[in-house]
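Read through the structure below, which is laid out as structure tokens, and then see the notes.
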Amino acid sequence: MFAAERRQLILEMVRANGAVSLRELARVVQTSEVTVRRDVRALEAEGLLDRRHGGAVLPGGFTRESGFPQKSLSATAEKTAIADLAAGLVEEGEAIVVGAGTTTQELARRLARVPGLTVVTNSLLVAQALAHANRVEVVMTGGTLRGSNYALVGSGAEQSLQGLRVSRAFLSGSGLTAERGLSTSNMLSASVDRALVQAAAEVVVLADHTKLGTDTMFQTVPTDVITRLVTDEPPVHDERAATELQALADQGVQVAVAGATPSGGAADPVQPGPPQRRDVPLPGQRRNVTPGPPTLRAASALTDPAPGDRERERAARVADLRRR
């Protein structure tokens, strides 16, 4: 395929989907990500698209939000792996909130198998995915329907969340940076997401690598409020995404990477097989290197033993040494 044909196909994919990862573009045009990256740079220079970390979006992506059809076709394999990994964080009998988004919709499909679960959501897609789960209770917020992402927003949604308390909130968004945290392109969606965060003891962000380093208009979750990030393995040459992951970990975010091997770095290639969880250790985090269970000391051991006790203890040590 000639360069002109490749670039035309890339442009058509971006126009159809709103945002496409370099990995997906390379797969479709059957070339390397290095070549695709050069093509994307050339198209950006002509003003036909905007580059993002690990992908390409329509021009003006900072303020533009793709509709549900475009989002549902973007990074589908990555979202599936992220949802598989995130579902393992949910325990039987928990009460959680799940925000709107195509990645959270994938998560909801897997949560249908968790018994005794209560899910509070403002997403019609999440509720639909759980509608036929017999052992899952779904609680929907009020609000005004926003058709572009099938979510309930506005004051009605926010008021229905007042006084609510759950263990975890699972949220997605349009971009994630270590500097600003999670952000989205729509003000109403951002306001509801902030209300969801206020209801949860922990915040788990689901974001594929194309969103790492992307900053959009409205901040939803500051970095210091994010407990955990579940993402996919960035491409080998996507240094900026890997750098962003490390910056998030440096600020205290626990990072779990779907598709990574336990010993692999953040920029290592994706390994085949089922998703695996990897937690990035935080700076200064202490690791338990002492083998075996800890020993218990009674309070009486802190006082000096009586003389008779000393003799018995000494005799016991000698006997023990002889046996060795």
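Residues take their numbers from the sequence shown, with the count starting at 1. Remember, it's a predicted structure, so these values are computed and weren't measured experimentally.
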Which heavy-atom pair separates Ala108 from Val126 by the least distance, and what is that distance?
-> CB-CG1, 3.8 Å
Any side-chain heavy-atom pair from Met13 and Leu25 closer than 4.5 angstrom?
-> yes
Can you measure from CD (Glu92) to CZ (Arg135) and round to the nearest 0.5 angstrom?
-> 8.0 Å
Is the backbone N or O of Glu137 less than 3.5 Å from a side-chain atom of Thr118, with the two atoms forming a donor-acceptor pair by type?
-> no
Check the side chains of Ser189 and Arg146 for a donor-acceptor pair under 3.5 angstrom, ignoring hydrogens and angles.
-> yes
Determine whether the side chains of Asn186 and Thr184 contain a donor N or O and an acceptor N or O closer than 3.5 Å.
-> no
Set of salt bridge (Lys or Arg N to Asp or Glu O under 4.0 Å) partners for Arg27, sequence neighbours left out | Glu24
Identify the heavy atoms of Ser21 and Glu78 that sit nearest to each other, and give their distance.
-> OG-OE2, 4.2 Å
Going by distance alone, is a donor N or O of one side chain under 3.5 Å from an acceptor N or O of the other, for Ser123 and Gln105?
-> no
Not counting sequence neighbours, which residues clear side chain to side chain donor-acceptor pair (under 3.5 Å) with Ser32? List them please.
-> Thr35
Here the gap from Leu182 atom CG to Asp215 atom CG, rounded to the nearest 0.5 Å, amounts to 10.5 Å
Heavy-atom side-chain proximity of Leu124 to Leu145 below 4.5 angstrom | yes
If you round to the nearest 0.5 Å, how far is CZ of Arg37 from CZ of Arg51?
-> 9.0 Å
Min side-chain heavy-atom separation Leu89-Arg228 under 4.5 Å | yes
Asp208 side chain vs Lys79 backbone, donor-acceptor pair below 3.5 Å = no
Note, Asp193 side chain near Val221 side chain (heavy atom, < 4.5 Å) | no
Assess the side chains of Ser172 and Lys211: does a donor N or O sit below 3.5 Å from an acceptor N or O?
-> yes
Decide if atom CD of Glu179 counts as having more than 12 heavy atoms of other residues, nucleotides or ligands within a radius under 6.0 Å.
-> no
What is the minimum heavy-atom distance between Arg180 and Phe218, and which atoms define it?
-> NH2-C, 4.0 Å
Shortest non-hydrogen contact from Leu196 to Ala169?
-> O-CB, 4.1 Å
Roughly how far, to the nearest 0.5 Å, is the CG atom of Leu245 from the CG atom of Asp250?
-> 11.0 Å
Would you mind reporting whether Leu125 and Gln128 have side-chain heavy atoms less than 4.5 Å apart?
-> yes
Using distance alone, with no hydrogens and no angle criterion, decide if Glu12 and Gln8 have a side-chain donor and acceptor under 3.5 Å apart.
-> yes
Search all heavy atoms of Ala157 against all heavy atoms of Ser160 and return the closest pair with its distance.
-> O-OG, 2.7 Å
Asn122 side chain vs Leu152 backbone, donor-acceptor pair below 3.5 Å | yes
What residues form a side chain to side chain donor-acceptor pair (under 3.5 Å) with Arg110, not counting sequence neighbours?
-> Asp84, Glu106
Heavy-atom side-chain contact between Thr177 and Thr214 under 4.5 Å | no
Has the side chain of Ser167 got a donor or acceptor atom that lies under 3.5 Å from a matching backbone atom of Ile96?
-> no
Working to the nearest 0.5 Å, report the span between CG of Asp39 and CG of Leu11.
-> 11.0 Å
Identify the heavy atoms of Val90 and Leu117 that sit nearest to each other, and give their distance.
-> CG1-CD1, 3.5 Å
The reported gap from CG in Asp50 to CG in Leu43 (rounded to nearest 0.5 angstrom) is 11.0 Å
Minimum side-chain heavy-atom gap Arg23-Glu33 below 4.5 Å | yes
Any side-chain heavy-atom pair from Thr121 and Leu130 closer than 4.5 angstrom?
-> no
Step-by-step side-chain contact (heavy atoms from CB on, under 4.5 Å) determination, Ile10 to Val20 = CA-CA 9 Å; Ile10 290 171; Val20 187; over 6 Å; no
Treat each ILVMFWY residue as a node, draw an edge where side-chain heavy atoms are under 4.5 Å apart, and state whether Val34 and Val40 are in one component.
-> no
Is a side-chain donor or acceptor of Glu244 paired with a backbone partner of Ala178 at a separation under 3.5 angstrom?
-> yes
Could you walk me through whether Val136 and Val119 pass side-chain contact (heavy atoms from CB on, under 4.5 Å), step by step?
-> CA-CA 7 Å; Val136 178; Val119 178; 4.1 Å; yes
Quick one: which of Val204, Thr223, Leu176, Leu206 gives a side chain to side chain contact (heavy atoms under 4.5 Å, CB included) with Leu229?
-> Leu176
